[in-house]
Each structure stands twice: as C-alpha cells, then as structure tokens.
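Here's the structure we're looking at; comments come further down.
Labels below follow one simple rule: chain letters A, B, ... track the order of the sequence lines, proteins then strands, and each chain is numbered from 1. Only heavy atoms go into these numbers, but all of them, side chains included; no hydrogens, no water, no symmetry mates.
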Number of protein chains: 2
Amino acid sequence: MVRLTTTSYVVLGLLGLRGPSTSYDLKRAVGHSVGYFWPFPHAQLYSEPRRLAEAGLLDVTTENGGRRRQTFSLTEEGRRALQEWLAVPETEPMQVRDVAELKLFFSELASDEDILSLAREQVRQHQERLTTYESMQERFGSVDSLASRLIPLELGIAMERAALEFWQNLAARMEQPDQPRGAAE
Amino acid sequence: MVRLTTTSYVVLGLLGLRGPSTSYDLKRAVGHSVGYFWPFPHAQLYSEPRRLAEAGLLDVTTENGGRRRQTFSLTEEGRRALQEWLAVPETEPMQVRDVAELKLFFSELASDEDILSLAREQVRQHQERLTTYESMQERFGSVDSLASRLIPLELGIAMERAALEFWQNLAARMEQPDQPRGAAE
DNA sequence: GGTCACATAGTATGAAACATAACGTCCGTA
DNA sequence: TACGGACGTTATGTTTCATACTATGTGACC
C-alpha cells in the first residue's frame, strides 16, 4: 500500500470537487484555488495521479487519437480514502514559513536600517496580498456555489491582516527609537 | 559556488548568534528557538554545515581524543554571506501550510459534523499553542539579552490568535445553522 | 564493578517535494 | 508553409523530510 501524503489528498480532493480531470485541468484548478494557500509545482500534478492510479485510487482513461492525454477519476476506493481523511479532525499543526520572520530572528546580526527596510517591505507586500485576497472575495463572493470554497480565504485574510499589523507596528516602533525597549509590548 | 538555501542561512545565522558550535549544539538551539517557526529535521544540521564548510563559509575544528565531534564557525566569507542576506528586504511571500485549511477547502465533500469537529479540534490546538507561546514570552521576557529574539514570537502569537478566532467563529456559525449563509461575514 | 537508563553525538537511507528546463503538439495567422 | 504562442507532458537534479540506526559517555543503583 502506498503512503498517502497531503499532496495525494489534494489530488483526490480536486478530483472529488471537479469530477474527472486531466493533469492539466488540475494544474489550472490549483492555479486559482488551493494554489493560493497550498502551492505546489505542476510536475507533481502529473506524477502524483499516476502513483494514485497504480495504487487503485484513481481510474485512468487514455484518449488515443489526437494529443495523448489521460483523464483521471476517483475510484470507489479513492473516494473512500478521501472521505476517511476528511473525517479525521486534523491535529497536524499549522506551519508558517516566513523568511522575513527568520531574518528578524537574526536581527541582532544586522543593522537597524536593514531591519527597518525589511519591515517596510513586508508592510508593502502584505498590503498588496491583502488587496488581492479581498478582491477575490468580492469577485467570487456572489457565486453561491463557490461560497464554501471561499471560507478558507477568510483565514488567509485574517493571517495576512495579523502579519500586516505586526510589521506596521514594528516599523512604527523602530521609527521612534526613544521608546522603552523589549519584546513584550 | 554552492547555492545557499534558507536552510543554509539558518545554519549561518545560528553560528552568528551563538559562536562556534557543533551540529548537536545547533540541533538543541533549533529545538527551543527557530524550530518553533521554521522546523527542520536534525539530520540537516549535520549535512548542511558540511556543505557550507566545503564552500568555504565555515571553518571546521575536529576534536580528536574522546568522542569525535566537529565544531563549526563562520569564516569571514560566511559572515559576509550572512550579512548580505540579512540586508536584502525579503520579498519571498510568507507561506502558511495548514492541513486543516485544506480539509475545509474540500468541505463540500464532507459532512457538516466532520467539519464541525474539525473546527472544534482546531480551536483546542490553537488555544494550546497560544498558551505555550505566551508562557514562553513571559519566561524569557525578563532576560534582556533575549528581547530581540522574542520579537518573532509576537508574530507567531498574532498568527495563532488570528487562526484561533477564525476557527472559533466558524464553529459558532456552524452551531447555529439558522444563520444567513455565505463566506463574506 | 557491572549493567541499566539516559543524554549525547552522528550516520544512513529512501521517499517526497521542489524548481526548472526541455520536449512535443496543436492552432491561428500572415 | 512557417512561425509564434498557447497548450500539455516529461525529465532531471537537488533539497527537504522522516525515520531508524549506530555509538559513546555518564551517573545511579545494586
């Protein structure tokens, strides 16, 4: 039995939401949905379905005639695996990977100016992403069938807002260096 | 010239903060610092310093006599590489990887009960982590020399709080299903 | 003084993830 | 018909990750 990773479940899940799809379909679907909060390289959307098909979780239909392309769809077993996964309340902790945060951790080794411009750049970046997310919410918010797919976006927005506030705050603190120092406050 | 990855800079940075250290020292240091927000397996703390040493960014001192152990320290070149990295205002976007969020994205395929218990479990998890982080902040907050190292923790706390609120909110919404539906709100 | 548990210290291995480049095919248009 | 560009797919090498294994020193207790 193959090991199912998170990648596997993304593929299974997308096939569950969309019905039978080719790798290319999945690639595009990822591009404007999960891709926003769980990025992965398109090459995996070709190799992973093959793995899953070998494991009996997907069916493959090869269209011969014209361009070679394979359509994947969930087997009963695949659907079951997906549902079992969904039914387990996740305990894997959320992970935040942020290179800027790392640089901040090492800030003792950098100059104050470096850290200040880091903070300012982060403010810009987070503002921009927040705008993007919020406009996505507006654009798709009216499409009723997509409503539940937009809920995770709320979380993304909340995270962006939290990060934005943090960096704004930090920049502000650094701009008036006559303040009391220390991390707690 | 070797490619320097984020992992490389974590090693360089830790050596910068701590001074000459063995892989094992680094491993422990990671355990109670960066490891909280940038986890990686200890095996890399053995292989990565070797790579960096070969590239001339680290010096190696082998203690012969007793247990074999190697102490690594920054070379001038290593310190320079680190400082150059720190001086670049990061544009790499923050990444949040949260399997629970993924499950939520696929929630159309799951039952309401599944999602509700997912949300409740998330609330528990985030509450717990928030408590851990806050107690860390208290414990180390008084140690003046560590103050700047605690700043990233604030960000971690802010993120945890945002996530906690989101899941609490979601759970609350689901517990009274007579509410108006939709993602925006 | 032996042996047990435990912290210390390092290595090995294989799978999965990631980035990127290269490859091929179809279609419109000039 | 030849070219550019969008459409699809594969290949490749590296990095990361997880896990298990090996081995050494230390103190405690019998």
Q | Distance, nearest 0.5 Å, that separates CD of B:Glu48 from OG1 of B:Thr5 | A | 5.0 Å

Q.
If you apply the rule side chain to side chain contact (heavy atoms under 4.5 Å, CB included), what do you find for B:Leu4 with B:Leu57, and how did you get there?
A. CA-CA 10 Å; B:Leu4 296 182; B:Leu57 302 176; 3.6 Å; yes

Q: Please check the phosphate of C:dA9 (OP1 and OP2 only) for any side-chain N or O of B:Ser23 closer than 4.0 Å.
A: no

(Q) Tell me the interatomic distance from A:Phe72, atom CZ, to D:dG8, atom P, rounded to whole angstroms. (A) 14 Å

Q: Could you check how far CG of B:Leu45 sits from P of C:dA12, rounded to whole Å?
A: 17 Å

**Q.** Residue B:Tyr24, side-chain heavy atoms: nucleotide from C:dC18, D:dT15, C:dA9 that is nearest
**A.** C:dA9

Q | Nearest to side-chain heavy atoms of B:Tyr46, which nucleotide of D:dC17, C:dA9, C:dA16 | A | C:dA9

Q.
For D:dC17 and A:Arg97 - does any side-chain N or O of the residue sit under 4.0 Å from the phosphate oxygens OP1/OP2?
A. yes

**Q.** Out of D:dT10, C:dA17, C:dG10, whichever nucleotide has its closest atom nearest the side chain of A:Thr7
**A.** C:dA17

Q.
How many whole angstroms separate atom CZ of B:Arg69 from atom C1' of D:dG25?
A. 11 Å

Q: Measure from CZ on B:Phe40 to P on D:dT19 and round the result to the nearest Å.
A: 17 Å

Q: Measure distances between side-chain N and O atoms of B:His42 and base N and O atoms of C:dT11, and say whether any donor-acceptor pair falls under 3.5 Å.
A: yes

Q. When you measure from the side chain of A:Pro41, which nucleotide among D:dT9, C:dA9, C:dA19 comes out closest?
A. C:dA19

Q. Side chain of A:Ala43: nearest nucleotide among C:dC18, D:dA11, C:dA16?
A. D:dA11

Q) Could you give the NZ-to-P distance, from A:Lys27 to D:dA6, as a whole number of Å? A) 12 Å

Q.
Base, sugar-phosphate or nothing for A:Arg28? Non-hydrogen atoms, less than 4.0 Å.
A. nothing

Q. When the distance from CD of B:Glu48 to P of D:dT16 is rounded to whole Å, what number comes out?
A. 7 Å

Q.
Any side-chain N or O of A:Arg50 below 4.0 angstrom from OP1/OP2 of D:dT9?
A. no

Q) Within this structure, what is the CD-to-P distance between A:Gln95 and D:dT16, rounded to whole angstrom? A) 14 Å

Q) Among the nucleotides D:dC17, C:dC18, D:dT9, which one has an atom lying closest to any side-chain atom of B:Gln44? A) D:dC17

Q: Answer with yes or no whether the side chains of A:Ser21 and A:Arg18 bring together a donor and an acceptor at under 3.5 Å.
A: yes

Q. Does C:dA16 have OP1 or OP2 sitting under 4.0 Å from an N or O in the side chain of A:Arg51?
A. yes

Q: Look at the aromatic rings of A:Trp85 and A:Tyr9 and report parallel, tilted or perpendicular, splitting at 30° and 60°.
A: parallel

(Q) Looking at every non-hydrogen atom in both residues, tell me the closest pair between B:Gln168 and B:Gln127 and how far apart they are. (A) NE2-NE2, 3.7 Å

